[in-house]
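I have placed the structure first, in the form of structure tokens, so that the comments after it can refer back to it.
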Amino acid sequence: MAKLVAPSILSADFGRLAEALSQLEALPVDWIHCDVMDGVFVPNISFGIPVVAAIRRFTKKPLDVHLMIVHPERYLSAFAEAGADILTFHWEATPHPDRLVQEIHRLGKKAGIAINPATPVEVLRDILPQIDLVCVMSVNPGFGGQKFIPYVAQKGHRLLRLREEVGSQALIEVDGGISLETAPLVPWADVLVAGQAFFQASDRSAFVEALRKATTRMT
Ligand code: DX5
Ligand code: ZN
């Protein structure tokens, strides 16, 4: 399967969001990754429902909404209404992941579960056939522009095997510190999120193509 690329809007210039989105519209990127942070689950606050709704107005690309918040169950329908296509909550943020997955599907959206770097992929064994996406965090969530945590590379290989074993169709996304240097470490990823490396690239179209190649080379 061709690798998908999802720029993280967190690294865009928020004062010129509409402009950034219309530029993205013309680029060979697949999804727009929206990082929602509440200052409680993670030590940073980014943006919430009204901003996701505004992003929706300026792009036709699928919105991949990454909820780094406590009590994600309280906000699923609001983010769905705001225009999210994929709703990803954190495994660590709820004792009831199955209930949330069911709720997201009831809302007609794709359901993703994100796991922090220190959370083993094996916790997902039973839920994996029920979900559409696993977001493997390769930094501790909270900030763009952090360094890729090397041991996450091994987790991805284990997740790939687990996915096969349980017969799941879930896409595997990697999020955090992805660049042309680290992409070869994640050949298992179907979806690459890139924030800083993407927005700092002088030729973003060339960057996306190079990123796809860099991660595919070792498979
Ligand atoms: C981290 C976020 C990531 C981040 C990616 O908490 O979930 O999506 O914005 O940005 P880079 O690619 O700069 O690490
Ligand atoms: Zn993210």
Side-chain angles (χ1 to χ4, degrees), residues 3-14 17 20-21 24 27 29-49 51-52 55 61-70 72 75 79 82 84-93 109-119 131-153 155-156 170-186 189-202 204 207-208 210-212 214-215:
K3 306 281 180 180
L4 305 181
V5 175
S8 165
I9 206 72
L10 188 65
S11 292
D13 176 352
F14 284 175
L17 209 45
L21 287 161
L24 284 175
L27 289 175
V29 300
D30 302 280
W31 299 348
I32 308 296
H33 186 82
C34 302
D35 286 308
V36 176
M37 303 178 183
D38 67 352
V40 181
F41 182 71
V42 289
N44 191 15
I45 300 177
S46 59
F47 54 79
I49 296 147
V51 174
V52 171
I55 293 171
K61 303 209 190 246
L63 295 188
D64 174 29
V65 175
H66 178 192
L67 299 174
M68 285 162 275
I69 62 175
V70 295
Y75 305 99
F79 279 105
D85 296 285
I86 303 152
L87 279 168
T88 298
F89 62 87
H90 265 263
W91 175 265
E92 302 83 5
K109 307 297 175 184
K110 303 252 187 251
I113 299 183
I115 53 170
N116 281 338
T119 301
I131 62 180
D132 306 292
L133 178 97
V134 178
C135 175
V136 177
M137 291 306 300
S138 37
V139 296
N140 287 299
F143 302 92
Q146 301 184 82
K147 266 182 78 142
F148 181 89
I149 297 175
Y151 72 75
V152 173
K155 288 174 65 175
L171 293 175
I172 301 176
E173 176 177 72
V174 66
D175 185 11
I178 296 300
S179 64
L180 295 182
E181 287 68 47
T182 56
L185 304 173
V186 295
D190 305 306
V191 187
L192 294 126
V193 175
Q196 187 169 286
F198 175 84
F199 282 96
Q200 283 183 354
S202 50
R204 291 176 185 163
F207 172 81
V208 171
L211 195 64
R212 283 202 178 95
T215 188

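Start at 1 and go down the list; that is how both ligands and their atoms are numbered. Computed from a predicted model, the values in this text were never measured in an experiment. Positions are given from 1, in the same order as the sequence printed here.
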Check your understanding: Between F41 and H90, how do the two ring planes meet: parallel, tilted or perpendicular, split at 30° and 60°?
Key -> tilted

Review point. Taking everything shown except K61 itself, do over 12 heavy atoms lie less than 6.0 Å from its NZ?
Key: yes

Taking the side chain as C-beta and beyond, is there a heavy-atom pair between [X] and [Y] under 4.5 Å?
X	Y	result
W31	V5	no
I113	T88	no
P43	F143	yes
D175	C135	yes
I69	V40	no
F198	L27	yes
V186	V136	no
L67	F79	yes

Distance under 4.0 Å to a non-hydrogen atom of [X]: what atoms of ligand 1 satisfy this?
X	value
G177	11 (P), 12 (O), 14 (O)
H33	8 (O)
G176	14 (O)
M137	7 (O)
M37	6 (O)
Q196	11 (P), 12 (O), 13 (O)
S8	8 (O), 9 (O)
H66	7 (O)

Backbone or side-chain N or O of [X] under 3.5 Å from ligand 1 N or O:
X	value
N140	no
S11	no
P141	no

For [atom], what's the nearest protein heavy atom and its distance?
atom	answer
atom 12 (O) of ligand 1	G195 N, 2.8 Å
atom 9 (O) of ligand 1	D35 OD2, 2.9 Å
atom 6 (O) of ligand 1	G142 N, 2.7 Å
atom 1 (C) of ligand 1	F143 O, 3.5 Å
atom 8 (O) of ligand 1	D175 OD1, 2.6 Å

Tell me which N, O or S atom of [X] sits nearest to the Zn ion (ligand 2).
X	answer
D175	OD2
D35	OD1
H66	ND1

**Study point:** 2.8 Å cut-off met by an N, O or S atom of H33 to the Zn ion (ligand 2)
**Key:** yes

Review point. After noting the C-alpha distance and the side-chain angles of F207 and Q200, does the key distance pass the side-chain contact (heavy atoms from CB on, under 4.5 Å) rule?
Key: CA-CA 10 Å; F207 172 81; Q200 283 183 354; over 6 Å; no

Study note, to complete from the structure: Honestly, for A194 the part within reach of ligand 1 (heavy atoms, under 4.0 Å) is backbone

**Study point:** Contact partition for F198 relative to ligand 1, non-hydrogen atoms under 4.0 Å
**Key:** neither

Check your understanding: Below 4.0 Å from any atom of ligand 1, is there a heavy atom belonging to G145?
Key -> yes

Check your understanding: Using a distance-only test with no angle check, is there a side-chain donor-acceptor pair under 3.5 angstrom linking D35 and S46?
Key -> no

Study note, to complete from the structure: L10 and M37 have their tightest heavy-atom pair at CD2-CE, 3.5 Å

Check your understanding: Do V193 and I178 pass the side-chain contact (heavy atoms from CB on, under 4.5 Å) test, and can you show the C-alpha distance, the side-chain angles, and the key distance before you say yes or no?
Key -> CA-CA 7 Å; V193 175; I178 296 300; 5.9 Å; no

